[in-house]
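Notes follow the structure.
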Amino acid sequence: MELRTVLVVGTGLIGTSTALALRRHGVRVLLADRDAGAVRLARELGAGEEWTPEAPPEEGVDLAVIAVPPAFVASELLELQRHDAARFYTDVASVKAEPIHRARQLGCDLASYVASHPLAGRERSGPGAAREDLFLGRPWALCPTEEAGPEARAAVLRLVELCGANPVEVDAAEHDRAVAVVSHAPHVTASAVAARLADTTDVALGLAGQGVRDVTRIAGSDPGLWLGILSGNAAPVAEVLEAVARDLNEAAGALRALADGDGAAIQDITQLLKRGVVGHDRIPGKHGGPASAYAVVQVVIGDRPGQLARLFQVCDEVGVNVEDVRLEHAPGLPLGIAELSVQPDAAVSLVEALRDRGWQLP
């Protein structure tokens, strides 16, 4: 099915990124949001034109994308359907079962609606953080009800295709349990760790390294946004957090015992660390398959313009693809370490090329 005109309701990060992705393919995008400033910024970014129900486009709207918090999806769907705003509808909220249940209670037309959720995001929010490539290669969950018609499914599949994502059909309840494990509970856990830093000493913060930054990175997201997400998926998230809490309580007890001289307690800590390695290794790689074992080449890099470009130029010259890159700054010094993840058989040639060109390797 072809999408000629799409209405995006909600011009935050996900809504505006969706609009930008569609605009790249020549789709006409109409924008709506209760926040006039958000719509204005999205328009200035080239995401589309403003929509009002009183002046619908003559050619009609093929698909309406509802990009609002989970608690408001059903009421927004009902309002749009009352205005006959589009032929088909979807939403992109990160919780699925409750919005679907509420839409059924309100009497929404579920034949023209397919709930969905792109598994992509950033720590920043709002239209200013939007990117047209946000969904490239990312999974996009589709949770159609039994009432959903084939044309509605086709319309949402086309949306996913245009955004460059990979569609994954899943039951709504199973989706919510899954995101509780891989997204929602990790966010709360990261926030709990970051909360320990609020009252810690300046000495401790001065010793902070990359590890604590990695663990707490997602804790910098908008609390209001996450309160809506967690409220809509409260029970599944609570179950995961209770399991995490049990592990942490057992670890704390084992460490107390170890501190009191019980050497056998180290086995409990070892088992948790080993289980963590197993779980980490199950996280899919960048192309969705098993995670690859890359070689990491460390390079000392100056904190000044053009250094990363020079570094990547060397990789290009020797034909080495950089699978991932990570930067770690040296506190108090105008330099840092760039960690380049490459295929193991390419590491030796890259190291030689970098040394030949005067780069310092630790």
Those residues at least two apart in sequence (or on a different chain) that pass side chain to side chain contact (heavy atoms under 4.5 Å, CB included) with P186 are none

Report all side-chain donor-acceptor pairs from residues 265-276 shorter than 3.5 Å, counting only partners two or more places apart or in another chain.
from : atom 1 : to   : atom 2 : distance (Å)
T270 : OG1    : I266 : O      : 2.8
R275 : NH1    : D247 : OD1    : 3.4
R275 : NH2    : D247 : OD2    : 3.1

Applying salt bridge (Lys or Arg N to Asp or Glu O under 4.0 Å), name anything that partners R28, two or more places apart in sequence or on another chain.
E49, E59

How far apart are the C-alpha atoms of R158 and E161, what are their side-chain angles, what is the distance that settles it, and do they pass the salt bridge (Lys or Arg N to Asp or Glu O under 4.0 Å) test?
CA-CA 5 Å; R158 182 57 177 158; E161 179 184 347; 2.8 Å; yes

Do the side chains of T200 and L205 get nearer than 4.5 Å, heavy atoms only?
yes

Residues D62, R4: salt bridge by 4.0 Å N-O rule:
yes

Between R23 and E132, does any NZ, NE, NH1 or NH2 come within less than 4.0 Å of an OD or OE carboxylate oxygen?
no

Approximate separation, where rounding is to 0.5 Å, of S75 OG and R102 CZ
8.0 Å

Sequence neighbours excluded, which residues qualify as side chain to side chain donor-acceptor pair (under 3.5 Å) partners of S17?
none

Consider side-chain contact (heavy atoms from CB on, under 4.5 Å). Of V73, I14, D33, L77, which one does V68 pass it with?
V73

Cut-off 3.5 Å, side chains only: do Q313 and R310 have a donor facing an acceptor?
no

Applying ring-ring contact (aromatic ring centres under 6.0 Å, His included) to W140 and not counting sequence neighbours gives F135

From CD (E98) to CD (Q105), nearest 0.5 Å
7.5 Å

Determine whether T189 and V215 make a side-chain contact, defined as any pair of heavy atoms from C-beta on separated by less than 4.5 Å.
no

Can V212 be reached from I218 by stepping across I, L, V, M, F, W or Y side chains whose heavy atoms are under 4.5 Å apart?
no

So which atom in V179 and which in S94 form the shortest heavy-atom distance, rounded to 0.1 Å?
CG2-O, 3.8 Å

Could you check whether any side-chain heavy atom of Y113 comes within less than 4.5 Å of a side-chain heavy atom of D91, counting everything from C-beta outward?
yes

Return the set of residues passing side chain to side chain contact (heavy atoms under 4.5 Å, CB included) with A192 (not counting sequence neighbours), or none when no residue passes.
none

Do F312 and L340 touch side chain to side chain, with heavy atoms closer than 4.5 Å?
yes

Shared hydrophobic cluster, V314 / L361 (ILVMFWY, side-chain heavy atoms < 4.5 Å)
yes

